Amino acid sequence: MRYIPMTEQDRQAMLASMGISSVDELFSDIPEHLRMSEKLNLPPALSEAELMRHMRELAGANVNLTETVSFMGGGVYDHLIPSIVKHLISRGEFLTAYTPYQAEISQGVLQSIFEYQTMIAELTGMDAANASMYDGATALAEAALMACNASRRDVVVLPENLHPEWKEVCEIYLSNQDVQIKYLPYDEETGTINHTVLRELNPKELACVVVQQPNFFGLIEDVDPISEFIHEGGGLLVMAVDPISLGLLKSPGEYGADIVVGDGQSLGNPMSFGGPSLGFFATTDKLVRRMPGRIVGETVDGDGRRGFVLTLQTREQHIRREKATSNICSNQALNALAATIYLSALGKEGFREVAYQCVQKAAYLKKKIAEETPFKVKFSAPSFREFIVTGDVDWEEINRKLLDEGFLGGLPLNRFGLPNDVLFAVTEARTKAEIDRLVELLGGMSR
Amino acid sequence: MRNKTGVPLLFEVSSPGRRGYRLPDLDVPEVPLEELIPSQFQRQQEPKLPEVSELEVVRHFTQLSRLNHGVDVGFYPLGSCTMKYNPRVNEDAAALPGFSAIHPYQPEETVQGALKLMYDLGSYLAELAGLHAATLQPAAGAHGELTGLWIMKAYHEANGEGHRNEVIVPDTAHGTNPASAMMADYKVVEVPSDERGGVDVEALKKLLGPNTAGLMLTNPNTLGLFDENICTIAELVHDAGGLLYYDGANANAIMGIARPGDTGFDIVHFNLHKTFSTPHGGGGPGAGPIVVSEKLAPFLPWPVVDKEGDKYVLKKPEKSIGRVKSFYGNFSVLVKAYAYIRSHGPDGLRQVSEAAVINANYLMHHLKELYHLPYDRYCKHEFVLSGKLQKQNHGVRTLDIAKRLLDYGIHAPTVYFPLTVDEAIMIEPTETETKETLDEFISVMRKIADEAEADPEMLHSAPHVTPVGRLDEARAARQPILRWRG
């Protein structure tokens, strides 16, 4: 086998040095009837060349979005990724390291996580962040659980306009801990959270209110009144934010959020059929010891040299077992590293510019659809990079036609119970020519 | 000699106006921002991101990488983590645009290759486990555990046995087992080990009862030992109405040799970033697919990939517990694991396990003269030594031995785990190391044993040649500095 260096000679020498004649002896503690007498039913081994031929064949059976122009979002976005990201995360010292348990030979990973934590704290306007969670959805579920523990309450308010898959993930995490979920409807006109209904709730029994910003429909929520309401009752404000939007939008810290989560795919990670991405997780100094996941902190060695270590580990499963704040062990470190390199390359100005271009380009498409096609923009609230278009048509059928023209259209929302609606996403990667052509095609299809 | 100062933080070398990436010019007609986003929704305080050139970014992260150990750098015998070689061709496969540039909501007919890969990977894992159906959604081993326990719970509830609220976990279990059980709202009941290192069957009998939901077991366990009483254990748990959960963290020992399903396990998770060689990336991403028996398949999270004629489709199992993560799992990790299985085939995977077990036994055999071996019997892919002789005789602790190994360019084994062994040193060499590397490790461990005798002080202050010395962890926890503040 090409990855096993043991030669027949090695094998014999090693077995002989242990005083045994056959490898079977090493498995003699496995009850005989459990030992497999037949081969595994798997396809035969492939050489490297054969493997790549096969993998190219499988990959070739997918329509890829380097060739097809995507206007699809709904949690995964086609943003530009600086070339250096893939080169730097491919360095073996990062790629092939485990969790940095031995700090003295893991300063590379530890310092980069410290930089990542700083960047997430800066973007969200919060005090501290952890080293990453699996994705935005699981990060939100863990944030809601943390809010319950911190407030000693067990009612969590989720907005109806939260990403439907995130709702489902929250439901499984929370229902298995006997936490009650209340859903907040959205205003049919604006598409944002209905504050009147919110005010009918008793804030003194709520662990937290969750606000997704921008919400699943791409709209910007007015968070100040929600923040005020939940804090008056002693509950927490949990925000699920799109990181790219934070180049322009008011930060959760500025709204007084207590816990902030989000999905970091758009920060330098490829779409990869929806994973791996990363979940980011930030909070206040006050709540930091309740946070799940790994946290890196700064310290010194015996000579006063700066160094970084995993810290506050008494929250974690390997120390506290069933009393830990979470069961999370492996996280998404390499994706967090990609995000760190992405944010470093873009820098302060570049990051703002990505958000600015998304807003301008999305607004351009939105205006053109409203003016040049029979379809309507559904909601009135300001939007960031996504918006819903509505029309009495079969959007899946329209998307099939668009595919023939080299376009992946918006996300048809029939899968989420909104049959007339489609969610368009426009990133900085789209050009005016692509947008113009899409509008032209849509105009032609409505007839 | 160490450098006086390390690599500065990128924030510390930032220079206003510098940037490392240029976007294409905005080509649509610009509208005043105010008209699109009212000012009360715009941020007042700009995030302080570094302002650096592209080369500065490249140098910074290259310098950081050089402070880090990885499998590519040197031996990494970290027990229970299976730090084997990560084949680079698998990275190439995952990076193909047909895998990396596809959107999870694309129409099914445009992702047939991806769905086929997932369908086949699920069936390969089912074959390896000797079970029926898979979900690839869990993002890590612990996430797989949690998913498995939710399935366990849903199953008991569907049978009108929702009162079963106890999960039994051995005292040697990974910390994630009890933590996952807690997250699924189970009461954790610990079963002790017997003198052979396996589950104490008599103690287990007393713990089993009408409230038992199941037993979580790692086999071979964290001592690297195959539980000789596994058939009895399985029978006892099933007779009590419980289910058997298999923590597959140690599956590198058994591929093609024995299958958890044949032993009676109902739910198995695999760590693709261990057994199937996907790189651990400094902490992740991993993937923790689970495989279940036929009676549990209707409870799997959705969507699962199914085959209808020659078309692959996404489906919701009849009694699905719901969704445990967005989309379908850590897809690019799945691609790499699939490539690994296809590279090896049935014979290759068996050879992997045989070589992993030979390597571990070889090290154990030669190290037991130097360090105390609490369970002197054949191990599987890993084994656990105790540093208690060095502690008693020379005041040198396992931590000192671990830190001294770093000076020799070797990553330390897992230490102080499992909790049942005093001063534990858990060693897993994997199958991808040469005999020469193993011999070198034995000789380094001998040197350290000698140093413990001759110069314990030197070990207390190890490591000596790493980029930083032993770091003050107590200070980090007491006065947390978790970010740069400028």
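Naming: A, B, ... by sequence-line order, numbering from 1 per chain. Here the structure is a predicted model, which is why all the values come from computation and not from measurement.
- By the salt bridge (charged side-chain N to carboxylate O under 4.0 Å, His left out) test, A/Asp222 pairs with no residue at all, sequence neighbours left out.
- Side-chain contact between A/Thr118 and B/Leu482 is absent, with no heavy atoms from C-beta onward closer than 4.5 Å.
- Within the 4.5 angstrom heavy-atom criterion, no atom of B/Glu145 approaches chain A.
- Contacts between A/Phe94 and chain B at a heavy-atom distance below 4.5 Å involve backbone atoms as well as side-chain atoms.
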### Task
Could you walk me through whether A/Asn64 and B/Leu96 pass the side chain to side chain contact (heavy atoms under 4.5 Å, CB included) test, one step at a time?
CA-CA 9 Å; A/Asn64 84 64; B/Leu96 291 169; over 6 Å; no

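- Taking CD from A/Glu115 and CZ from B/Arg483, the interatomic distance works out to 13.5 Å, rounded to the nearest 0.5 Å.
- Most heavy-atom pairs under 4.5 Å with chain A: of the set B/Val335, B/Thr263, B/Ile230, B/Asp262, this distinction falls to B/Thr263.
- The most heavy-atom pairs under 4.5 Å with chain A, out of B/Val333, B/Asp185, B/Val188, B/Val52, come from B/Asp185.
- For A/Val296, the part sitting under 4.5 Å from any heavy atom of chain B is the backbone (N, CA, C, O) and nothing else.
- Ring centroids of A/His318 and B/Phe417 are separated by 6.0 Å or more, keeping the two rings apart.
- For A/Tyr356 and B/Glu30, the side-chain atoms include at least one donor-acceptor pair closer than 3.5 Å.
- Atom CZ of residue B/Arg475 and atom CD of residue A/Glu298 lie 8.0 Å apart, to the nearest 0.5 angstrom.
- Using a 4.5 Å cut-off between heavy atoms, B/Arg350 touches chain A through its side chain atoms alone.
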### Task
I would like to know whether B/Lys435 and A/Asp10 meet salt bridge (charged side-chain N to carboxylate O under 4.0 Å, His left out); could you show each step before the answer?
CA-CA 7 Å; B/Lys435 178 172 178 294; A/Asp10 289 337; 5.8 Å; no

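- Of all the listed residues (B/Arg66, B/His366, B/Arg377, B/Met255), the one sharing the greatest number of non-hydrogen pairs under 4.5 Å with chain A is B/His366.
- Residue B/Asn361 holds its CG atom at 9.5 Å from CE of A/Met14, rounded to the nearest 0.5 Å.
- For B/Thr434 (side chain) and A/Pro5 (main-chain N/O), no donor-acceptor pair under 3.5 Å exists by modelled atom type.
- A/Asn62 is not listed as a side-chain neighbour of B/Thr110, based on a closest heavy-atom distance of 4.5 Å or more.
- For B/Tyr85, the part sitting under 4.5 Å from any heavy atom of chain A is the side chain, from C-beta outward, and nothing else.
- Under the 4.5 Å side-chain criterion, counting only non-hydrogen atoms from C-beta, B/Ser332 is in contact with A/Pro276.
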### Task
Could you please spell out the steps behind the salt bridge (charged side-chain N to carboxylate O under 4.0 Å, His left out) verdict for A/Glu104 and B/Lys403?
CA-CA 8 Å; A/Glu104 297 85 353; B/Lys403 294 301 180 193; 2.8 Å; yes

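- There is no contact between A/Arg320 and chain B, counting heavy-atom distances below 4.5 Å.
- With rounding to the nearest 0.5 Å, the separation of CG in B/Leu349 from CG in A/Leu42 is 6.5 Å.
- At a 4.5 Å heavy-atom cutoff, the contact between B/Gln45 and chain A is made by backbone and side-chain atoms alike.
- At least one side-chain heavy atom of A/Ile435 sits under 4.5 Å from a side-chain heavy atom of B/Val28.
- No other option in B/Pro38, B/Gly141, B/Gly256, B/Gly322 has as many heavy-atom pairs under 4.5 Å with chain A as B/Gly256.
- A distance of 7.5 Å separates CG of B/Asn330 from CG of A/Asn335, quoted to the nearest 0.5 Å.
- Only the side chain of B/Pro107 has a heavy atom closer than 4.5 Å to any heavy atom of chain A.
- For A/Ser326, the parts lying under 4.5 angstrom from a heavy atom of chain B are both the backbone and the side chain.
- Looking only at side-chain heavy atoms (C-beta outward), B/Ile102 and A/Leu65 stay at 4.5 Å or farther from each other.
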### Query
What's the verdict on side chain to side chain contact (heavy atoms under 4.5 Å, CB included) for A/Asp263 and B/Ser326, showing C-alpha distance, side-chain angles and the deciding distance?
CA-CA 10 Å; A/Asp263 195 281; B/Ser326 293; 5.5 Å; no

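- For B/Lys325, the parts lying near chain A are the backbone and the side chain together; criterion is any non-hydrogen pair under 4.5 Å.
- Looking at B/Leu225, neither its backbone nor its side chain comes within 4.5 Å of chain A, counting heavy atoms on both sides.
- Side chain of B/Asn68 to backbone of A/Glu93: a donor-acceptor contact under 3.5 angstrom is found.
- Heavy atoms of B/Leu10 lying under 4.5 Å from chain A belong to its backbone as well as its side chain.
- In this structure, the portions of B/Pro24 lying under 4.5 Å from any heavy atom of chain A include both its backbone and its side chain.
- A salt bridge links A/Lys39 to B/Asp347: one of the charged nitrogens lies within less than 4.0 Å of a carboxylate oxygen.
- The most heavy-atom pairs under 4.5 Å with chain A, out of B/Gly20, B/Gly70, B/Ala179, come from B/Ala179.
- Considering only heavy atoms from C-beta on, A/Leu408 comes within 4.5 Å of B/His103 through its side chain.
- The parts of B/Asp27 that come within reach of chain A are both its backbone and its side chain, each placing non-hydrogen atoms under 4.5 angstrom from that chain.
- Of the listed residues B/Gln112, B/Glu91, B/Glu354, the one with more heavy-atom pairs under 4.5 angstrom with chain A than any other is B/Glu354.
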### Task
Go through B/Leu26 and A/Lys432 one step at a time and tell me if the side chain to side chain contact (heavy atoms under 4.5 Å, CB included) criterion holds.
CA-CA 9 Å; B/Leu26 184 64; A/Lys432 178 171 180 296; over 6 Å; no

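- Only the side chain of B/Lys153 comes within contact range of chain A, with at least one heavy atom under 4.5 Å from a heavy atom of that chain.
- Ring pair A/Tyr134/B/His143 is tilted by interplanar angle, where 30° to 60° counts as tilted.
- In this structure, B/Glu46 CD and A/Glu122 CD are separated by 10.5 Å, a value rounded to the nearest 0.5 Å.
- Heavy atoms of B/Pro50 lying under 4.5 Å from chain A belong to its backbone as well as its side chain.
- Proximity of A/Met55 to B/Arg342: side-chain heavy atoms (C-beta onward) are nowhere separated by under 4.5 Å.
- For the residue pair A/Ser344 and B/His60, no side-chain donor N or O sits within less than 3.5 Å of a side-chain acceptor on the partner.
- For chain A, the nearby parts of B/Met183 are the backbone and the side chain; heavy atoms of each come within less than 4.5 Å.
- Looking only at side-chain heavy atoms (C-beta outward), B/Leu36 and A/Pro382 stay at 4.5 Å or farther from each other.
- B/Tyr328 and A/Phe273 have their aromatic ring centers within a separation under 6.0 angstrom.
- Aromatic rings of A/Tyr98 and B/His411 (six-membered ring for Trp) have centroids beyond the 6.0 Å cut-off, not under it.
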### Task
Determine, stepwise, if the pair B/Ile321 / A/Glu171 fulfils side chain to side chain contact (heavy atoms under 4.5 Å, CB included).
CA-CA 10 Å; B/Ile321 56 166; A/Glu171 278 164 14; over 6 Å; no

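- The contact between B/Phe61 and chain A is made by backbone and side chain atoms together, counting heavy-atom distances below 4.5 Å.
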